[in-house]
Amino acid sequence: MKLSPISQRRLTQFKANKRGFWSLWIFLALFILAMGAELIANDKPLFIKYDGAYYFPTFISYPETVFAGDEGFETETEYRDPFVMGIINEKGWIIWPPIRFSYDTINYDLPSPAPTKPDGTNWLGTDDQGRDVMARMIYGFRISVLFGLSLTIISSIIGVAAGAVQGYYGGKLDLIMQRVIEVWASMPSLYILIIFSSMFIPGFWTLLGILLLFSWVSLVDVVRAEFLRARNFDYVRAAHALGVSNGTIIRRHVLPNAMVATLTFMPFILTGSITALTSLDFLGLGLPPGSASLGEMLAQGKNNLHAPWLGFTAFVSLALMLTLLTFIGEAVRDAFDPRKTAL
């Protein structure tokens with residue numbers, strides 16, 4: 001598909017920002033790896049050949065009787081059990097992921113009481129419950145990015161729709177909606193989030209809905225201003241004169257101009273969404289206990305100052321993620337800035 005001259009210029013300007021361009025590729029690589037977290041860090045083997053048959057425990061659950069016969073249980077196989085591993089190795093072999101721990105796997109064979117220092121088994125050590133820190137970091141990175149993307153996309157849709165209605169129709173509708181948004185935005189959102197988080201059972205979708213109550217407001221003013229400016233342009237008036245419906249004018253003629261400001265702000269909204277989830281997890285009001293969470297890792301680092309690898313790992317992963325997203329946001333901003341010209 002051939003790009004328009006404007007899109008080609010924007011792409012060129014984006015590539016001209018080397019810091020943002022390479023940050024995008026690094027972030028995409030990390031995100032793709034995190035999306036396959038079960039293939040990197042898991043307490044289940046990737047592949048088993050046993051007695052001439054092939055098994056894929058990462059994707060399919062097998063009872064212990066499949067391998068141990070009458071000596072096993074009907075529950076899912078515990079592949080880290082030396083008894084099960086011995087039976088499988090007698091008639092076959094096992095391929096494990098690089099990290100033999102999931103985010104909730106407890107290592108009962110630690111050389112000292114948890115939390116333990118990094119070693120050959122737990123590359124970044126364990127937390128105060130004996131769980132592998134590197135596995136929790138990988139899963140925590142994934143859930144943070146997915147949560148941030150979900151919140152950013154949904155809040156952007158709501159914010160763009162509200163700003164478009166305000167800016168295009170104006171008048172009393174714009175006045176009423178603007179006063180309502182001003183009152184809503186002036187509320188102490190952090191305290192309300194804490195209250196709601198303590199009232200409802202924590203979960204991914206529950207937190208998403210709570211944070212969505214306030215996150216959509218950030219884009220309304222930007223989109224409203226673009227629509228207020230564009231609705232008086234000659235091509236919009238011409239479309240009105242030709243009898244084009246308001247919905248078509250908004251969607252085909254005005255919205256593309258407003259999306260420039262929206263796309264510029266989205267990487268920064270994403271960083272704010274990830275920070276909000278991390279903050280709630282740090283306070284113990286976020287995801288359910290035991291979930292892979294970078295905020296919970298920060299809290300463990302604060303509570304276990306004698307185990308600096310906990311706080312250091314969480315800090316580095318968060319700092320790297322937010323820095324990459326900030327650099328990407330700067331490159332997107334440059335790409336849509338008509339005053340900038342790629343050298």
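Counting begins at 1 with the first residue of the sequence.
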Exercise for review: I would like to know whether Glu38 and Tyr139 meet side chain to side chain contact (heavy atoms under 4.5 Å, CB included); could you show each step before the answer?
Suggested key: CA-CA 9 Å; Glu38 287 81 5; Tyr139 283 88; 3.7 Å; yes

Can you label the angle between the [X] ring and the [Y] ring as parallel, tilted or perpendicular, going by 30° and 60°?
X	Y	result
Phe21	Trp25	perpendicular
Phe67	Tyr62	perpendicular
Phe147	Phe204	perpendicular

Please report the closest heavy-atom contact between [X] and [Y], naming both atoms and the distance.
X	Y	answer
Gly167	Leu228	O-CD2, 3.4 Å
Ala230	Val236	O-CG2, 3.2 Å
Ser144	Ile274	O-CG1, 3.6 Å
Val332	Pro267	CG2-CG, 4.4 Å
Asp334	Gln13	O-NE2, 2.7 Å
Gln129	Ile106	O-CG2, 3.5 Å

Rounded to the nearest 0.5 Å, what separates atom [atom1] in [X] from atom [atom2] in [Y]?
X	Y	atom1	atom2	value
Asp127	Tyr103	CG	OH	13.5 Å
Trp216	Ile158	CH2	CD1	8.0 Å
Met134	Ser317	CE	OG	11.0 Å
Thr278	Leu287	OG1	CG	9.5 Å
Leu33	Leu39	CG	CG	10.5 Å
Leu320	Phe27	CG	CZ	9.5 Å

Is [Y] close to [X] at the side-chain level, that is, under 4.5 Å between some pair of heavy atoms?
X	Y	result
Pro115	His306	yes
Thr275	Leu318	no
Leu280	Leu207	yes
Leu294	Phe282	no
Ser218	Ile269	yes
Leu46	Phe56	no

Identify whether the distance between the nearest side-chain nitrogen and carboxylate oxygen of [X] and [Y] falls below 4.0 Å.
X	Y	result
Arg131	Glu296	yes
Glu76	Lys44	yes
Glu226	Arg231	no
Arg224	Asp174	yes

Decide if atom [atom1] of [X] counts as having more than 12 heavy atoms of other residues, nucleotides or ligands within a radius under 6.0 Å.
X	atom1	value
Phe233	CZ	yes
Phe47	CZ	yes
Trp22	CH2	no
Phe265	CZ	no

Exercise for review: Test Leu208 against every option in Ser150, Ser273, Ser155, Ser215 by the side chain to side chain contact (heavy atoms under 4.5 Å, CB included) rule and name the one that passes.
Suggested key: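 Between Leu208 and the candidates, side chain to side chain contact (heavy atoms under 4.5 Å, CB included) is satisfied uniquely by Ser150.
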
Point to revise | Qualifying residue, where the test is side chain to side chain contact (heavy atoms under 4.5 Å, CB included) with Leu270 and the options are Leu322, Leu149, Leu151, Val145 | key: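 Among Leu322, Leu149, Leu151, Val145, the one meeting side chain to side chain contact (heavy atoms under 4.5 Å, CB included) with Leu270 is Leu149.
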
Check your understanding: Given Ile48 and Tyr54, is the side chain to side chain contact (heavy atoms under 4.5 Å, CB included) satisfied, shown in steps?
Key -> CA-CA 6 Å; Ile48 293 178; Tyr54 300 96; over 6 Å; no

Same cluster for [X] and [Y] if Ile/Leu/Val/Met/Phe/Trp/Tyr side chains link at under 4.5 Å?
X	Y	result
Ile250	Val244	yes
Met35	Ile99	yes
Val180	Tyr169	no
Leu146	Ile138	yes
Tyr108	Met85	no

Whether [X] side chain and [Y] backbone form a donor-acceptor pair below 3.5 Å:
X	Y	result
Trp123	Asp132	no
Tyr79	Ile94	no
Thr58	Pro45	yes
Asp119	Asn122	yes
Trp309	Thr126	yes
Thr313	Leu310	no
Thr77	Glu64	yes

Practice item. Begin from the C-alpha positions of Val254 and Phe227 and carry the test side chain to side chain contact (heavy atoms under 4.5 Å, CB included) through to its verdict. Key: CA-CA 7 Å; Val254 186; Phe227 270 78; 3.3 Å; yes

Exercise for review: Go through Tyr168 and Asn246 one step at a time and tell me if the side chain to side chain donor-acceptor pair (under 3.5 Å) criterion holds.
Suggested key: CA-CA 9 Å; Tyr168 184 78; Asn246 290 328; 2.8 Å; yes

Practice item. Before giving the answer on side chain to side chain contact (heavy atoms under 4.5 Å, CB included), spell out for Arg179 and Leu175 the whole-Å C-alpha distance, their side-chain angles and the decisive distance to 0.1 Å. Key: CA-CA 6 Å; Arg179 298 293 83 77; Leu175 182 64; 2.9 Å; yes

Practice item. Go through the side-chain N and O atoms of Glu330 and Asn17 and say whether any donor and acceptor fall under 3.5 Å apart. Key: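 There is no such pair (donor and acceptor under 3.5 Å, judged by atom type) between the side chains of Glu330 and Asn17.
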
Check your understanding: Can you check side chain to side chain donor-acceptor pair (under 3.5 Å) on Thr248 and Ser245, steps first, answer last?
Key -> CA-CA 5 Å; Thr248 302; Ser245 64; 2.9 Å; yes

